[in-house]
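Single-structure report; data block below.
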2 protein chains.
Amino acid sequence: MKALSKRRAGVTIYQVAQRAGVSIATVSRTMRDSDLVTPETRARVLAAVEELGFTPSRLGRSLAEGQHAANGIVFPDLIGPYYAEVVLGYEEVAADLGRSVLILATHGRRDAAAQVLELANRVDGMVVMGRTVGDEVVERIAASGPPLVLVARDPISTVDTIRTDNERSARELAEHLLAHGHRRFAFVGDPDDSPDVAGRYAGFAAGLRAGGVPVPAPVRCSFDIEAGRAAAEALLRRRSRPQAVVCANDEVALGVHTAATEAGLTVPDDLAVTGWDDVMAARFAGLTTVRQPMRELGATAAHWLHDRITERGSDRSRPPSAVRSQVLPTQLTVRRSCGTHRTGPPPREVQT
Amino acid sequence: MKALSKRRAGVTIYQVAQRAGVSIATVSRTMRDSDLVTPETRARVLAAVEELGFTPSRLGRSLAEGQHAANGIVFPDLIGPYYAEVVLGYEEVAADLGRSVLILATHGRRDAAAQVLELANRVDGMVVMGRTVGDEVVERIAASGPPLVLVARDPISTVDTIRTDNERSARELAEHLLAHGHRRFAFVGDPDDSPDVAGRYAGFAAGLRAGGVPVPAPVRCSFDIEAGRAAAEALLRRRSRPQAVVCANDEVALGVHTAATEAGLTVPDDLAVTGWDDVMAARFAGLTTVRQPMRELGATAAHWLHDRITERGSDRSRPPSAVRSQVLPTQLTVRRSCGTHRTGPPPREVQT
DNA sequence: ATGAAAGCGCTAACAT
DNA sequence: ATGTTAGCGCTTTCAT
């Protein structure tokens, strides 16, 4: 069979060189804006480039340079605004720094590790977010792959990590709920599911403990409205119904809210509900929640990665700079759903 | 200066070959699972691969194969669930087909064209969505670049296009509002901004015209809550306030809703409001809107692209298959915000 | 200022 | 079944 299985090549540097009557080195120099080319030669080359419609092959260039000029980012999915915002912040900065962006959504697939490793092979640096792959994978890449930045997951030695604060705001939230007079609590969400949820539960528990109130075991559920609703339906059937339900994120809280309303309960009078993330719907549902700087998370990661890539490119005898770790602050946003305030006018979009 | 600007190479196929005492061809065959290698040789090679921690270079492989094994997608941003869902649907299918995904958010940057062209250089096929770059760019890539699929933008000859229906549902929406008794309308959104909005305005206008009601000029605004709110504030100050406001998307509608409430008006009694997209907040705000199959949009694009890439890879003497074009159906979702129904019980999540 | 040539790491046709 | 070798398209010494 004569089928050409290989993609037909475009215009190459050789054709341009021939057309301009110069060597490929000169064409290359012209394309890279080297000043070792006389204006006349340059003009001749440019003319040939124009006539032929030449665009340097990224593959050829990358192979020769040993650089992809691309960054990767690994996240679980794009459902809900959280990851989308992080990715957006990341992409924007990376693009400004002249780097293309490869994405990988793991969707909880079991072959995620292989895909992440494959991605590591296509980029000069990458971000790995929580809930995607285990530390073994991260450690392997850290050891022999491109520079890494961890986002929203527990740090491991030698790898830069950037997170948002969970414990502090969760504790603040618990204290706020206690101040409302609530004494029977529930936590909906799975601390084993992600470091973020673990931190939120820990802060929540610390707050209750400090208030001398018993800490409930978490009601485990996944990150969506339906899961929250199902969890709440079970919760509301208990003999001793909780007065306040703290949820792992806004979707879950919105599900709990829906279930409560459907059960004939009024939020917050019969049941207080809180979320996390401050998604758009939270505002319209009057949900008390915690806002976190999602875009900044992505943007910072992109900058840090760029630093690592740049330092690795330079003198390799110099030791790499110190491992960085940062926790960005979050902001409790109080709306109606956490309970009626006992004094003063009803709060509107108060932020502490 | 002695700085090694070139990235230190990893383990190469040559080192593995030497270690295993075979030629690089045999190593290559082993890695590609060719059956032209005896089990013993294969084992020896695999051992060497293991000991050395060899991973084939994607760059070397791609250059030799003339294939990136990657797809691209260009969209304006990831604000709001619309593009995020499309991207997610696209990524999921592309990953299943063994292709990495490169994203490019144009953010309305003026150098978007250059970035899109650069992206075209890194992929075997790409999706271009509306509101990103002009047809000149698309046409240029169609002529000399990788296969293309257009999503949510007007078709151009020779390029596959996939859209969701705007006119039909918009007209249905207008008819529904007329049935509520509304007679003075406003449309908030910019038809010049995207083909989608143009289609929605056209359907809306057609519906009003058929009902013998004057068609208002669009109140132009961008795609966010604040813009909608600002537009509504101006609108509500007019001497003859509209009875119903049809918005280009849910964010705008939510902004209009907010402005109306702040102005002391009740939705829908004093003002009916409708959106488009059915974002999560729409449900909690009781917003009448139109749902579109966002993920399917992305998934279909990924499949079509795969077809094109595959057919191009095979016998090039065979002409390419016909240009495809498809319009996915949308679904009017009626909630409270469009007006009180004159007969029967209040509608709840009715879908027509 | 320009050219010749040696890679970069791999695949695949061809030879044995 | 395995090896040899010629690319793939570019960058970058090293000469001139």
Side-chain angles (χ1 to χ4, degrees), chain A residues 1-45 48-49 52-69 118 121-122 124 313, chain B residues 1-45 48-49 52-69 118 121-122 124 313:
Chain A
M1 70 165 191
K2 312 208 57 175
L4 308 176
S5 76
K6 189 168 295 189
R7 178 75 100 278
R8 200 195 61 191
V11 180
T12 75
I13 199 173
Y14 287 92
Q15 301 168 5
V16 176
Q18 181 165 35
R19 176 95 170 212
V22 299
S23 72
I24 60 167
T26 298
V27 176
S28 178
R29 289 190 186 107
T30 303
M31 298 305 290
R32 333 263 348 262
D33 282 319
S34 161
D35 47 353
L36 295 75
V37 186
T38 46
E40 301 80 60
T41 312
R42 183 185 160 75
R44 205 141 36 86
V45 171
V49 166
L52 265 30
F54 171 66
T55 313
S57 151
R58 185 71 249 177
L59 247 23
R61 178 176 287 200
S62 284
L63 186 58
E65 288 178 336
Q67 280 249 119
H68 297 272
E118 153 78 14
N121 228 295
R122 296 175 164 272
D124 302 318
Chain B
M1 69 166 191
K2 312 207 59 174
L4 308 176
S5 76
K6 189 169 294 189
R7 177 75 100 278
R8 202 197 58 194
V11 180
T12 74
I13 200 173
Y14 285 92
Q15 301 168 10
V16 176
Q18 182 166 34
R19 175 95 170 211
V22 298
S23 73
I24 59 166
T26 299
V27 177
S28 177
R29 289 191 187 104
T30 304
M31 298 305 290
R32 330 266 342 261
D33 282 317
S34 161
D35 46 353
L36 294 74
V37 186
T38 49
E40 301 80 59
T41 312
R42 183 186 160 75
R44 207 141 35 86
V45 171
V49 166
L52 265 30
F54 171 68
T55 312
S57 152
R58 187 67 248 178
L59 247 23
R61 179 177 286 201
S62 283
L63 186 59
E65 289 179 334
Q67 279 250 118
H68 297 271
E118 153 79 13
N121 229 295
R122 296 175 164 273
D124 303 317

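All chains are named by letter (A, B, ...) in the order of the sequence lines, taking the proteins before the strands, and each is independently numbered beginning at 1. Computed from heavy atoms alone, side chains included, the values below leave out hydrogens, waters and symmetry copies.
Comparing the end axes of the helix from C:dA1-D:dT16 to C:dT16-D:dA1, each fitted to five base pairs by superposing C1' atoms of four pairs onto the next four, gives an inter-axis angle of 40° (nearest 10 degrees).
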Can you pull every protein N or O that's under 3.5 Å from an N or O on nucleotides 1-4 of chain D?
residue	atom	partner	partner atom	Å
D:dT2	OP1	B:T38	OG1	2.9
D:dT2	OP1	B:T41	OG1	2.3
D:dT2	OP2	B:T38	N	2.8
D:dT2	OP2	B:T38	OG1	3.2
D:dT2	OP2	B:T41	OG1	3.3
D:dG3	OP2	B:S23	N	2.8
D:dG3	OP2	B:S23	OG	3.1
D:dG3	OP2	B:T26	OG1	2.7
D:dG3	N7	B:R29	NH1	3.4
D:dG3	O6	B:R29	NH2	2.5

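Residues meeting the side chain to side chain contact (heavy atoms under 4.5 Å, CB included) test with A:I13, sequence neighbours left out: A:I24, A:V27, A:S28, A:F54. For B:S57, the side chain to side chain contact (heavy atoms under 4.5 Å, CB included) partners are B:L59, not counting sequence neighbours. By the side chain to side chain contact (heavy atoms under 4.5 Å, CB included) test, A:R61 is found to be paired with A:R32, A:P56, A:R58, A:E65, residues two or more places apart in sequence or in another chain being considered. B:D35 pairs by the salt bridge (Lys or Arg N to Asp or Glu O under 4.0 Å) definition with nothing, not counting sequence neighbours. With sequence neighbours excluded, the residues forming a side chain to side chain donor-acceptor pair (under 3.5 Å) with A:T38 are A:T41, listed by chain and number. Residues passing the side chain to side chain contact (heavy atoms under 4.5 Å, CB included) test with A:Q15 are A:V11, A:T12, A:L52, sequence neighbours excluded.
For the atom pair OG (A:S62) and CG (B:N121), the distance works out to 9.5 Å, reported to the nearest 0.5 Å.
Listed pair A:S57 / D:dC10 fails the phosphate criterion, with no side-chain N or O lying under 4.0 Å from OP1 or OP2. For C:dC8, neither phosphate oxygen OP1 nor OP2 lies less than 4.0 angstrom from any side-chain nitrogen or oxygen of A:R61.
The side chain of B:R32 lies closest to C:dT11, out of C:dG9, C:dT11, D:dT12.
Listed by first and then second residue, the salt bridge (Lys or Arg N to Asp or Glu O under 4.0 Å) pairs that reach into residues 19-29 of chain A are A:R19-A:E51, sequence neighbours excluded.
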